[in-house]
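Since the model is a prediction, treat every value here as computed from it, not as a measurement. Every chain is numbered from 1 and lettered A, B, ... according to where its sequence line falls, protein lines coming before strand lines.
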2 protein chains.
Amino acid sequence: MNINADFVEKLRNSGLRPTKQRLKICEVLFNTEKTFHFTINDLSKIIKEKVNEKISLATVYNTVHAFKKKGYLKEISINSDKSYFDTNTSVHHHFYDEDTNQLIDCHQNDIGNISIKKNVTGKKVNSIEVLIKVKNNNQN
Amino acid sequence: MNINADFVEKLRNSGLRPTKQRLKICEVLFNTEKTFHFTINDLSKIIKEKVNEKISLATVYNTVHAFKKKGYLKEISINSDKSYFDTNTSVHHHFYDEDTNQLIDCHQNDIGNISIKKNVTGKKVNSIEVLIKVKNNNQN
DNA sequence: ATGTTACTTTATAATGATTCTAATGTATAT
DNA sequence: ATATACATTAGAATCATTATAAAGTAACAT
């Protein structure tokens, strides 16, 4: 029918019912050329301003968490006061601009291989994530 | 006089008045052989249970933030629901045990060198932190 | 088609961590 | 000693997130 057919399938495949609200949120999150980072607050704003649909805040929370659980979103922790989500769920790292508080992707190939020489006993490495904090040169 | 003389000086040197409360917190945090990780909640508990001194929660928050600002503590963000502090302020990385929610130090030498091949333009790298999430082998 | 059931959405209340407030207390310099 | 700026404190306020429970909707069997 349209772009949404894909999303309907995507949701159905993961056991989530394709509701109006979830499809709208899919459009906002996944119908873009580039992946991006957002906070729940950002997402609520986008829905309010750009999409002619009123979605309850509780539903936004529910949906984001459901999508995260299904692996359609990734949560990124930079500092205690903001929780970011990432529509890029592939293994990749991040730059965090401390001047502007911006989060920027750093792809696997932009970083040398990381070798863990000593692991915690009896455990397997599940993920390795690097956070590179950057700042302007001209300040102390 | 005693161990506290060092802390008095430490505090004075950084422009913080050596109050009774701050000295007690110094004892808890820095008078240990090994560095450790804690949440504000953990710290409050330790003070309540192990130290014969009642310190207001607001003061615990104030002090931890003051110490962080002065570089005596480091904040570690693993996930959105808990904020950890680390008495080890040196550059080092972390293992995070997803089964037990434990945070374990990973020293610089336990990890191969990390080369950033492509930096954000006009910025300087301020810190590189690696978070290695680990899990038990025998589960999916 | 209709009805049943389980899942969703929703507004609102509840929670819980953190910060604010403003009154009281204390370290420091004169 | 005194003044002053800095600290502590209890409790209130705030803010993000989660819980609640009632109303709505998708899915499935009949």
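Residues B/S83 and B/T19 both approach DNA chain C. Their nearest nucleotides, taken by heavy-atom distance, put B/S83 toward the 5′ side. Each of B/L57 and B/P18 lies near DNA chain C, and the nucleotide nearest B/L57 is the one positioned closer to the 5' end.
When distances are taken from the side chain of B/I55 to each of D/dT9, D/dA26, C/dT26, the shortest belongs to D/dT9. Nearest to the side chain of A/R17, among D/dA27, D/dA7, D/dA10, sits D/dA27.
A straight line from NZ of A/K24 to P of C/dT10 spans 13 Å, rounded to a whole angstrom. As rounded to whole Å, 11 Å separates atom P of D/dA7 from atom CD of B/Q21. The distance between atom NZ of B/K20 and atom C1' of D/dT9, rounded to the nearest whole Å, is 12 Å. Rounded to a whole Å, the CZ atom of A/R12 is 9 Å from the C1' atom of D/dA26. What separates NZ of B/K70 from P of D/dA7 is a distance of 9 Å, to the nearest Å. Here D/dG24 presents its C1' atom at 14 Å from CD of A/E53, a figure rounded to the nearest Å. We find that CG of B/N62 is positioned 10 Å from P of C/dC20, with the value rounded to whole Å.
The phosphate of D/dT17 (OP1 or OP2) has a side-chain N or O of A/Y61 nearer than 4.0 angstrom. Contact annotation: B/R22 reaches the phosphate of D/dA7 (side-chain N/O to OP1 or OP2, under 4.0 Å). Put simply, A/H65 has a side-chain N or O that comes within less than 4.0 Å of OP1 or OP2 on D/dT18. Residue A/T59 places no side-chain N or O under 4.0 Å from the OP1 or OP2 atom of C/dT8.
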Inset, instruction - Applying salt bridge (charged side-chain N to carboxylate O under 4.0 Å, His left out), run through A/K133 and A/D97 and close with a yes or a no. - result: CA-CA 6 Å; A/K133 292 189 179 168; A/D97 188 329; over 6 Å; no
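Relative to the ring axis of B/F85, B/K74 does not place its NZ or CZ within 45° and under 6.0 Å from the centre.
There is a side-chain donor-acceptor pair under 3.5 Å between B/D42 and B/T39.
Taking the six-membered ring for Trp and the full ring otherwise, the centers of B/H93 and B/H107 sit at least 6.0 Å from each other.
Within the 4.0 angstrom heavy-atom criterion, only backbone atoms of the sugar-phosphate kind lie near A/K54; the bases stay farther away.
The aromatic rings of B/F67 and B/Y72 sit perpendicular, their planes meeting at an angle over 60°, well past the 30° parallel limit.
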